Amino acid sequence: MEAERSRLRGGGHEGGGRTRAAGLLLGLATVLVGLMAGLFFAFDISVMPGLAASDDRTYVTAMQHFNAAIDGNGLFGTVFLLALLAAAAAAVVEFRGGRRRVALCAGAAAAAYLVVLVITFTVNIPLNNELAAVGDAAKATAFPVLDKFKGTWVTTNIVRTLLCTAALTALARALLLHGRDTAARPC
C-alpha cells in the first residue's frame, strides 16, 4: 500500500518521471488557460463596454489597434496555442499513467479550450479582418460592418470567457486530483 502511495506521488521508480511531467503540464496548462480567461474577461467587462460608449470612428480605430497589437505579439500567440497543447498533453500523460479521473478533467479542459480556438478562428478573427478592411477610420464615412461586429464579436467573446473559465476549473480539479494519493470523484 505504501509503495502504491509513493508511486502515485511520483516517488516510485515506475512512472515517477511521468507523474512529475504530468504535474508540470497541468500547472502550465492551468496558468496559460487562466491568462486567456483573464484576457477575454477583461474585454467583456471593460474594453467592449468602454468602446460601446464611444463613437463609431473611435470604436473602429481602437479595435483595429487592439487587433494589430495582439496579432503581432509572439508571446500572445505562444500562450494562445500552448494552452491547448499543454492541456492535451497532460491528459495523455495522465491517462497513460493510469490516472483516468485526472485525465478526464484535463481532457475536458482541452476540449473546452479547443472550442475557444474554433470560435476564435471561425468567428472572431474573420470579424476582426472585416474591421481591418475598413482601413483608416478617420477617412471612412460609414461603418456598415460595425453593427454585425459589435453584436457577434461581443457575444462570442463572452462564450470564449465562459469556456476558458470552464477549462480553468477542470484544470484546477485535475491539479487537485493529481496531487492526491487516493482516487477522488470525477470532475
Side-chain angles (χ1 to χ4, degrees), residues 25-91 104-175 187:
L25 286 167
L26 284 171
L28 177 63
T30 302
V31 169
L32 297 176
V33 169
L35 288 169
M36 293 309 304
L39 175 69
F40 295 138
F41 182 64
F43 268 82
D44 291 338
I45 65 165
S46 62
V47 174
M48 300 315 285
L51 288 176
S54 67
D55 62 87
D56 288 352
R57 187 166 277 110
T58 301
Y59 190 106
V60 170
T61 301
M63 282 305 295
Q64 287 174 334
H65 289 302
F66 294 147
N67 292 331
I70 287 175
D71 290 347
N73 189 314
L75 181 57
F76 170 81
T78 301
V79 169
F80 186 62
L81 297 175
L82 191 56
L84 174 64
L85 297 176
L104 176 64
C105 291
Y113 193 77
L114 178 61
V115 175
V116 169
L117 293 180
V118 169
I119 290 170
T120 300
F121 286 113
T122 62
V123 179
N124 294 86
I125 290 176
L127 286 170
N128 292 345
N129 292 340
E130 286 181 28
L131 210 57
V134 168
D136 185 355
K139 295 178 183 176
T141 57
F143 303 97
V145 68
L146 198 51
D147 286 335
K148 175 184 169 193
F149 181 92
K150 286 179 180 181
T152 305
W153 199 98
V154 169
T155 300
T156 57
N157 196 67
I158 292 168
V159 172
R160 295 189 299 177
T161 302
L162 294 172
L163 286 166
C164 276
T165 303
L168 183 59
T169 302
L171 286 166
R173 178 76 175 144
L175 276 170
C187 58

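As the structure is a computational prediction, the values presented were derived from the model and not from experiment.
- Annotation: side chain of F40 is in contact with side chain of V116 (closest heavy-atom distance under 4.5 Å).
- When all heavy atoms are compared, the tightest approach of C105 to R173 is SG-CG, 3.6 Å.
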ask   = Would T161 and T165 satisfy side-chain contact (heavy atoms from CB on, under 4.5 Å), going step by step from the backbone distance to the final call?
value = CA-CA 6 Å; T161 302; T165 303; 4.2 Å; yes
Please report, to 0.1 Å, the donor-acceptor pairs under 3.5 Å made by any side chain of residues 83-90, with sequence neighbours excluded.
none

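- Rounding to the nearest 0.5 Å gives a distance of 10.5 Å between CG of L35 and CZ of F76.
- Here the CG-OG1 distance, from L163 to T120, works out to 9.5 Å after rounding to the nearest 0.5 Å.
- Separating the CD1 atom in I119 from the OG1 atom in T156 is a distance of 7.0 Å, to the nearest 0.5 Å.
- Considering only heavy atoms from C-beta on, M63 comes within 4.5 Å of L51 through its side chain.
- In terms of heavy-atom proximity, C164 sits nearest to M36 at SG-CB, 4.2 Å.
- Rounding to the nearest 0.5 angstrom, the gap separating the CG atom in L175 from the OG1 atom in T30 is 4.0 Å.
- How far CZ of F41 is from CG of N157: 11.5 Å, rounded to the nearest 0.5 Å.
- Residues K150 and D56 form a side-chain contact, since some pair of their non-hydrogen atoms from C-beta on lies under 4.5 Å apart.
- The structure places CE of M48 at 10.0 Å from OG1 of T155, a figure rounded to the nearest 0.5 Å.
- Looking at heavy atoms from C-beta onward, Y59 lies out of side-chain contact with F143 at the 4.5 angstrom threshold.
- Using a 4.5 Å heavy-atom cutoff, the side chains of V79 and L75 are in contact.
- Side chain of T152 to main chain of F149: no donor-acceptor pair is present (N/O by atom type, distance under 3.5 Å, no hydrogens or angles).
- Using a 30° and 60° split on the angle between ring planes, Y113 and F80 fall in the perpendicular class, above 60°.
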